[in-house]
Amino acid sequence: MSSDLISRYYAAFNAGDATGMLACVTDDVEHRVNEGGIRIGRAKFAEFCSHMGASYREELRDIVVFSSDDGSRAAAEFTVHGTYLQTDPGLPTATGQTYILPAGAFFDLRDGKIARITTFYNLNDWIAQIS
């Protein structure tokens with residue numbers, strides 16, 4: 001069931017388990033980050049997970065998952081509770097600031113795995129909270 005897959009993916013995220021997240025995605029996963037580029041493939045997604053793990057500590061709460069009847073698409077809404085650990089290039093200096101940010105994601109699903117992840121949040125809200 002698609003909602004179970006998304007729930008496993010976010011459980012791995014909250015556990016800081018990049019290997020568990022990678023197990024949920026296709027080899028050719030398309031990763032679209034809010035106001036960022038598109039990464040194609042599991043290796044690029046793994047690099048992103050590694051970078052995020054060094055720069056941010058985040059826990060997603062209040063996760064609600066929605067899925068299409070045919071199981072090909074899903075969406076999730078959640079609240080990000082985070083700490084900015086290490087300065088990300090082009091963003092304000094990290095000093096351990098905390099933030100709470102509403103966010104969401106859309107997914108394409110194929111063969112029991114996530115084939116596309118598109119994440120949305122309000123970058124200006126995040127910058128205001130950490131500035």
Side-chain angles (χ1 to χ4, degrees):
M1 182 178 208
S2 56
S3 59
D4 292 339
L5 173 62
I6 304 307
S7 295
R8 279 196 324 272
Y9 172 80
Y10 283 129
F13 179 97
N14 278 342
D17 178 10
T19 302
M21 292 170 65
L22 289 167
C24 294
V25 303
T26 60
D27 289 339
D28 64 344
V29 65
E30 180 180 303
H31 184 222
R32 296 174 175 254
V33 181
N34 190 71
E35 300 190 37
I38 301 170
R39 291 172 187 84
I40 304 291
R42 190 181 298 222
K44 295 275 187 190
F45 185 65
E47 288 172 11
F48 174 81
C49 291
S50 177
H51 167 78
M52 290 296 291
S55 297
Y56 307 88
R57 181 175 43 249
E58 295 181 330
E59 178 186 4
L60 308 183
R61 299 182 192 167
D62 308 316
I63 302 169
V64 178
V65 178
F66 310 88
S67 60
S68 63
D69 290 339
D70 67 1
S72 66
R73 297 175 74 189
E77 183 177 23
F78 44 85
T79 305
V80 180
H81 293 254
T83 304
Y84 188 29
L85 303 172
Q86 180 176 303
T87 303
D88 223 341
L91 295 174
T93 301
T95 60
Q97 307 94 309
T98 59
Y99 50 93
I100 298 173
L101 192 65
F106 297 96
F107 303 88
D108 285 341
L109 309 170
R110 180 175 11 102
D111 301 326
K113 295 204 174 196
I114 299 167
R116 176 187 56 89
I117 306 165
T118 303
T119 306
F120 290 100
Y121 55 89
N122 186 322
L123 181 61
N124 289 331
D125 181 8
W126 179 82
I127 289 172
Q129 289 186 51
I130 59 111
S131 293

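The OG1 atom of Thr118 sits 10.5 Å away from atom CG of Asn34, with the distance rounded to the nearest 0.5 Å. Going from atom CE of Met21 over to atom CD1 of Ile114 covers 8.5 Å, rounded to the nearest 0.5 Å. A distance of 7.0 Å separates CD in Glu59 from NE2 in His81, rounded to the nearest 0.5 Å. Between Phe107 atom CZ and Thr119 atom OG1 the span is 6.5 Å, to the nearest 0.5 Å. Rounded to the nearest 0.5 angstrom, Leu101 CG and Asn122 CG are separated by 7.0 Å.
Using a 4.5 Å cut-off between side-chain heavy atoms of Ile, Leu, Val, Met, Phe, Trp and Tyr, with links allowed through other members, Phe66 and Tyr10 fall into different hydrophobic clusters. Hydrophobic clustering (side-chain heavy atoms under 4.5 Å, transitive across Ile, Leu, Val, Met, Phe, Trp, Tyr) keeps Leu109 apart from Phe106. Side-chain heavy atoms closer than 4.5 Å link hydrophobic residues (I, L, V, M, F, W, Y) into clusters, and following such links, possibly through other members, connects Val80 to Ile6. Following chains of ILVMFWY side-chain contacts shorter than 4.5 Å, one can reach Ile117 starting from Leu123, so the two form part of one hydrophobic cluster. In this structure, Phe13 is not a member of the same hydrophobic cluster as Phe120, with clusters built from ILVMFWY side-chain heavy atoms closer than 4.5 Å.
Within the 4.5 Å cutoff, the side chain of Ile38 has heavy atoms near those of the Glu30 side chain. Residues Lys44 and Ile40 form no side-chain contact, since every pair of their non-hydrogen atoms from C-beta on lies 4.5 Å or further apart. Between Leu5 and Cys24, the closest side-chain pair of non-hydrogen atoms falls below 4.5 Å. Looking at heavy atoms from C-beta onward, His31 lies in side-chain contact with Phe45 at the 4.5 angstrom threshold. Two residues are said to be in side-chain contact when any heavy atoms from C-beta on lie closer than 4.5 Å; Glu58 and Tyr99 meet this criterion. Taking the side chain as every heavy atom from C-beta outward, Asn14 and Ile63 approach each other to under 4.5 Å.
Between the Thr87 side chain and the Ala94 main chain, a donor and an acceptor come within less than 3.5 Å of each other. No side-chain donor-acceptor contact under 3.5 Å links Arg57 to the backbone of Gly82. Judged by distance alone, with hydrogens and angles left aside, the side-chain atoms of Ser67 form no donor-acceptor pair with the main-chain N or O of Gly71 at under 3.5 Å. Side-chain atoms of Gln129 come within 3.5 Å of backbone atoms of Ile100 as a donor-acceptor pair (strictly under, hydrogens ignored).
In this structure, Pro92 and Trp126 approach most closely via the heavy-atom pair CD-CZ3, 4.3 Å.
Within the hydrophobic cluster formed by Ile, Leu, Val, Met, Phe, Trp and Tyr side chains joined at under 4.5 Å, directly or through other members, Leu85 stands alone, with no partner residue.
The neighbour count for Arg73 CZ, taken as heavy atoms of other residues, nucleotides or ligands under 6.0 Å away, does not exceed 12. The 12-atom threshold is not exceeded at CD of Glu77, counting heavy atoms of other residues, nucleotides or ligands nearer than 6.0 Å. The environment of OH in Tyr121 is crowded: more than 12 heavy-atom neighbours from other residues, nucleotides or ligands sit within 6.0 Å. Other residues, nucleotides and ligands contribute more than 12 heavy atoms inside 6.0 Å of the CZ atom of Arg39. Around CG of Asp70, the count of heavy atoms belonging to other residues, nucleotides or ligands within 6.0 Å exceeds 12.
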Next item on the list: For the pair Arg42 and Leu22, evaluate side-chain contact (heavy atoms from CB on, under 4.5 Å) and give the outcome as yes or no after the intermediate values.
Entry: CA-CA 7 Å; Arg42 190 181 298 222; Leu22 289 167; 3.6 Å; yes
All N/O donor-acceptor pairs, side-chain side in residues 46-55, below 3.5 Å, sequence neighbours left out:
unit_1, atom_1, unit_2, atom_2, d
His51, NE2, Asp88, OD1, 2.6
His51, NE2, Asp88, OD2, 3.2
Ser55, OG, His51, O, 3.3

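Pairs of residues two or more places apart, or lying in two chains, that qualify as salt bridge (Lys or Arg N to Asp or Glu O under 4.0 Å) and include a residue from residues 112-131 are Asp108-Arg116.
Ring planes of Tyr56 and Tyr84: parallel class, angle under 30° (limits at 30 and 60°).
Ion pairing of Asp28 with Arg110 is present here, as a side-chain N (NZ or NE/NH1/NH2) and a carboxylate O approach within less than 4.0 Å.
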